[in-house]
Amino acid sequence: MDEYKVTPWEVSGEIDYDKLIKQFGTSRLDRALREKLIRLSGGDEPHHMLRRDFFFSHRDLGPVLDDYEKGKGFFLYTGRGPSKAMHIGHLVPLIFTKWLQDRFKCNLYIEITDDEKFLHRRDYEWSDIQKNADDNILDIAAVGFDPERTFIFKDSEYVRNVYPLLLKTARKITGSTAKAVFGFDDSTNIGMQFYPAYQVIPTFFEKKRCLIPAAIDQDPYWRIQRDIAEGLGYYKTSAIHCKFLPPLQGISGKMSSSAGAETAILLTDDEKTVKNKINKYAFSGGQATLEEHRKLGGNTDIDVPFQWLSILFEPDDSKLKTIHDDYRAGKMLTGEMKGILIERINAFLKGHRERRKIAERDVDKYMKTGKLAASMWERVYE
Ligand code: TYM
């Protein structure tokens with residue numbers, strides 16, 4: 001038995017990412033491919049999530065980059081299941097997606113799976129899910145994607161434009177495939193059995209290769225897509241996978257809103273809440289006493305504040321190295337490490353709140369009136 005679990009609905013335990021690559025049949029993002037991606041992205045300032053191996057795995061990234069080099073281009077696709085308020089972990093793939101869009105100037109589709117969450121979360125009313133979806137969409141728009149090249153759509157709204165495509169796709173996926181890939185059983189409602197077809201079809205929105213940036217938990221969907229795409233006349237999708245931002249309590253599993261608000265920093269947390277949560281809950285790699293810490297130093301590998309700085313909040317390599325070295329040497333204390341993180345998160349969330357205000361005004365550009373959005377609403381019944 002594995003000591004960890006990774007599915008689209010559950011992530012737990014201490015994940016062995018090398019083993020996961022083998023289990024899922026993906027490929028490690030090796031140095032040559034990473035360097036090619038960096039070179040094509042303009043060469044300078046590769047995103048720190050790329051430099052630090054946080055995006056660590058892929059499927060067919062090579063052909064995407066080849067197509068880009070040949071001038072054929074590619075498009076991006078990612079998504080969000082709006083069950084609750086978003087936490088900072090959900091922003092990780094979105095921030096990287098924005099970087100890719102800025103560098104490669106490509107179209108981006110963002111699927112909001114209100115259907116999936118309604119079917120999966122039987123404790124939620126439809127109206128709760130809709131409220132969360134509308135709220136999450138503002139947080140996503142606040143990331144600052146190019147409004148001319150981005151289309152954000154809610155499944156239940158957009159379905160009338162894609163129902164034939166959805167049916168063509170659903171007809172190719174058997175119950176036994178869905179069972180094998182997702183572990184569905186006879187008690188799984190039939191809506192959940194149909195839903196995977198909807199997560200697959202945005203990969204067919206253009207006759208170009210699709211690249212999906214997401215954490216590796218979503219990969220089972222791409223496996224199904226890759227089995228059926230060519231039979232439907234489309235490319236097998238490509239994907240670039242990240243690891244998980246860990247929860248406050250320790251480096252196992254993933255930050256998750258269903259695990260309780262005290263395990264995550266929510267985008268709605270105010271300054272005091274952030275400070276309290278980090279000080280009270282963030283697992284520290286520091287020693288038990290001040291004396292020991294000064295003598296032995298802290299362990300950055302298991303220190304959640306350090307890990308969060310490395311993944312998200314300290315993009316400057318030399319500053320991160322100073323923090324790392326000072327902590328390891330016992331010069332920096334746990335309280336100081338936490339203090340840096342609190343300051344960074346609060347600065348980030350302040351900016352996020354401001355961008356969200358602008359998004360309240362501009363969100364239609366992503367959903368209805370922008371160039372790509374308007375053209376997607378025209379594409380009925382192809
Ligand atoms: P959802 O809402 O569970 O997650 C949204 C995105 O956030 C990633 N994620 C994380 N990344 C880093 N650290 C974490 N702790 C963490 N927790 C979640 C997920 O991998 C995902 O990229 N079924 C999907 C919605 C969806 C989708 C997609 C996602 C539809 N189409 C295409 C990615 C790509 C879902 O419920 O995601």
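Start at 1 and go down the list; that is how both ligands and their atoms are numbered. Keep in mind that this is a model prediction, so the values were computed, not measured. Reckoned from all heavy atoms, side chains included, excluding hydrogens, waters and symmetry mates.
- Among protein heavy atoms, atom 35 (C) of ligand 1 sits closest to Gly81 N, 3.5 Å.
- Here the rule is ring pair (Phe, Tyr, Trp, His ring centres under 6.0 Å) with Phe153, and of Phe205, Trp377, Tyr109 only Phe205 fits it.
- Under 4.0 angstrom from ligand 1, the non-hydrogen atoms of Met255 come from both its backbone and its side chain.
- Those atoms of ligand 1 with a heavy atom of Ile212 less than 4.0 angstrom away are 34 (C).
- Assignment of Pro8 to the shell around ligand 1 is not supported, since no heavy atom sits closer than 4.0 Å.
- Protein heavy atom at the shortest distance from atom 6 (C) of ligand 1 is Gly79 O, 3.8 Å.
- The contact set between ligand 1 and Lys243, taken as ligand atoms under 4.0 Å from a residue heavy atom, comprises 12 (C).
- For atom 8 (C) of ligand 1, the closest heavy atom belonging to the protein is Pro93 CG, 3.8 Å.
- At least one test fails for Arg31 against the ring of Phe56: distance under 6.0 Å to the centre or angle within 45° of the axis.
- A donor atom on one side chain and an acceptor atom on the other are found under 3.5 Å apart for Asp139 and His352.
- Exactly one of Tyr77, Tyr198, Phe182, Phe24 qualifies for a ring pair (Phe, Tyr, Trp, His ring centres under 6.0 Å) with Tyr221. That residue is Phe182.
- Near Trp222, with a cut-off below 4.0 Å to any heavy atom, the atoms of ligand 1 are 32 (C), 34 (C).
- With ligand atoms numbered from 1 in the order given, ligand 1 contributes 4 (O), 5 (C), 7 (O), 18 (C) to contacts under 4.0 Å with heavy atoms of His90.
- Using 4.0 Å as the threshold, Met86 has no heavy atom nearer than that to any atom of ligand 1.
- For the pair Glu111 and ligand 1, the shortest N or O to N or O distance falls below 3.5 Å.
- At most 12 non-hydrogen atoms from other residues, nucleotides or ligands lie less than 6.0 angstrom from CD of Glu125.
- A distance of 6.0 Å or more separates the ring centres of Phe306 and Tyr327.
- For Pro93, the side chain to side chain contact (heavy atoms under 4.5 Å, CB included) partners at least two apart in sequence or on another chain are Cys242.
- Residue Pro213 places no N or O, backbone or side chain, under 3.5 Å from any N or O of ligand 1.
- Using a 4.0 Å cutoff on heavy atoms, Tyr198 does not count as a contact of ligand 1.
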